[in-house]
Amino acid sequence: MKACFRLFLILTFSGVVACSNPNSDNSNTNTRCAQCGMPTEEFQAWRSKIISSNAVKHFCSPRCLFINSQAQGLAATDSVLVTDYYEQQWIDGRQAFYIIGSDVIGPMGHDLVPVATPQAAEEFMQEHQGKRILTFQQVNETVIKHLSIHSQH
Ligand SMILES: [Zn+2]
């Protein structure tokens, strides 16, 4: 019971952090997630995008990016960019490390948390009770489905 309440607090708090938007009048990035339609500027900490030769697709989170790229495929020339959890900067999504199963909750529930280096991934695992570190290539349909199951409560 006690542990359950604590988890509830963590989830609630993370939700508040993810939704807060201190730059609400900075409207130059008024773009919606290409997968779920949520305004991506409300989730600065999770923003992700795919840049191809003729278009840029914005996503609210790595999770939406992966769902979309698995459904529609990625060209070898497409650039994948995700936001580093610690530095809050764009990093190369193909080179990033993704942690799943942690206590950090994204805009759509459980998400893949991107960091730039293996060291940062290990640090994150310890700090946030992560379950697994995955590379870009290791994130497949099964991983995404598993995230969805855990996001339904
Ligand atoms: Zn989305």
Side-chain angles (χ1 to χ4, degrees), residues 10-11 13-23 26-152:
I10 291 168
L11 293 180
F13 182 67
S14 314
V16 169
V17 171
C19 292
S20 68
N21 179 12
N23 305 315
N26 177 6
S27 56
N28 62 340
T29 52
N30 186 19
T31 45
R32 289 188 174 270
C33 177
Q35 182 62 32
C36 72
M38 289 206 295
T40 59
E41 69 270 23
E42 288 183 17
F43 308 101
Q44 298 282 330
W46 296 91
R47 286 177 309 163
S48 308
K49 60 187 172 185
I50 297 173
I51 304 172
S52 45
S53 52
N54 54 0
V56 180
K57 281 197 271 189
H58 296 269
F59 300 96
C60 67
S61 62
R63 176 183 162 162
C64 274
L65 182 148
F66 278 110
I67 293 172
N68 191 275
S69 65
Q70 275 163 21
Q72 307 197 4
L74 268 184
T77 50
D78 288 351
S79 298
V80 178
L81 293 172
V82 295
T83 305
D84 180 283
Y85 177 81
Y86 288 112
E87 305 296 330
Q88 288 295 301
Q89 289 172 356
W90 291 112
I91 54 173
D92 183 347
R94 293 180 195 267
Q95 306 297 325
F97 297 86
Y98 299 89
I99 299 101
I100 56 170
S102 75
D103 59 11
V104 174
I105 307 299
M108 299 293 284
H110 281 275
D111 216 304
L112 303 112
V113 181
V115 294
T117 64
Q119 291 81 357
E122 287 297 339
E123 195 182 323
F124 184 90
M125 288 283 280
Q126 308 254 320
E127 283 177 8
H128 298 285
Q129 288 85 47
K131 290 217 169 61
R132 281 178 73 193
I133 302 171
L134 301 170
T135 62
F136 185 79
Q137 289 76 15
Q138 286 173 323
V139 180
N140 56 27
E141 213 177 315
T142 313
V143 170
I144 301 295
K145 276 206 183 114
H146 195 72
L147 287 175
S148 305
I149 291 164
H150 286 268
S151 297
Q152 280 166 7

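Keep in mind that the numbers below use all heavy atoms, side chains included, and drop hydrogens, waters and symmetry copies.
- Here the CG-NZ distance, from L74 to K57, works out to 7.5 Å after rounding to the nearest 0.5 Å.
- In this structure, the side chain of S61 does not engage the main chain of P107 through any donor-acceptor pair within 3.5 Å.
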### Query
Do M108 and Q35 pass the side-chain contact (heavy atoms from CB on, under 4.5 Å) test, and can you show the C-alpha distance, the side-chain angles, and the key distance before you say yes or no?
CA-CA 11 Å; M108 299 293 284; Q35 182 62 32; over 6 Å; no
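- Atom OG of S79 and atom CZ of R94 lie 7.5 Å apart (nearest 0.5 Å).
- Here the OH atom belonging to Y86 is positioned 3.5 Å from the CD atom belonging to E127, to the nearest 0.5 angstrom.
- Every residue two or more places apart in sequence or in another chain that forms a side-chain contact (heavy atoms from CB on, under 4.5 Å) with A121 is listed here: F97, I99, V115, I133.
- Contact annotation: the side chain of Q129 never approaches that of S102 to less than 4.5 Å [non-hydrogen atoms, C-beta and beyond].
- Side-chain N or O atoms of R63 include one that pairs as donor or acceptor with a backbone N or O of H110 at under 3.5 Å.
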### Task
Take V82 and F59 through the side-chain contact (heavy atoms from CB on, under 4.5 Å) test and state the conclusion after the steps.
CA-CA 9 Å; V82 295; F59 300 96; over 6 Å; no
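- T40 and C33 get closest at one heavy-atom pair: CG2-N, 3.5 Å.
- Of all non-hydrogen atoms in Q138 and V143, the two that sit nearest each other are O-CG2, 3.9 Å.
- No side-chain donor-acceptor contact under 3.5 Å links D111 to the backbone of V113.
- Between C60 and F43 the shortest heavy-atom distance is O-CB, 3.9 Å.
- Formation of a donor-acceptor pair under 3.5 Å by the Q72 side chain with backbone atoms of S69 is not found in this model.
- In this structure, L112 CG and Y85 OH are separated by 14.5 Å, a value rounded to the nearest 0.5 Å.
- With rounding to the nearest 0.5 angstrom, the CG atom of D92 is 7.0 Å from the CG atom of L81.
- Partners of Q70 under the side-chain contact (heavy atoms from CB on, under 4.5 Å) rule, at least two apart in sequence or in another chain, are F66, V139, E141, I144.
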### Message
side-chain contact (heavy atoms from CB on, under 4.5 Å), that's the test. Do Q88 and T83 meet it? Break it down for me.
### Response
CA-CA 6 Å; Q88 288 295 301; T83 305; 3.9 Å; yes
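- Using a 30° and 60° split on the angle between ring planes, F136 and Y98 fall in the tilted class, from 30° to 60°.
- Contacts of R132 classified as side-chain contact (heavy atoms from CB on, under 4.5 Å), with partners at least two apart in sequence or in another chain: I100, L134.
- To the nearest 0.5 Å, atoms CG (D84) and CD1 (I91) are separated by 4.5 Å.
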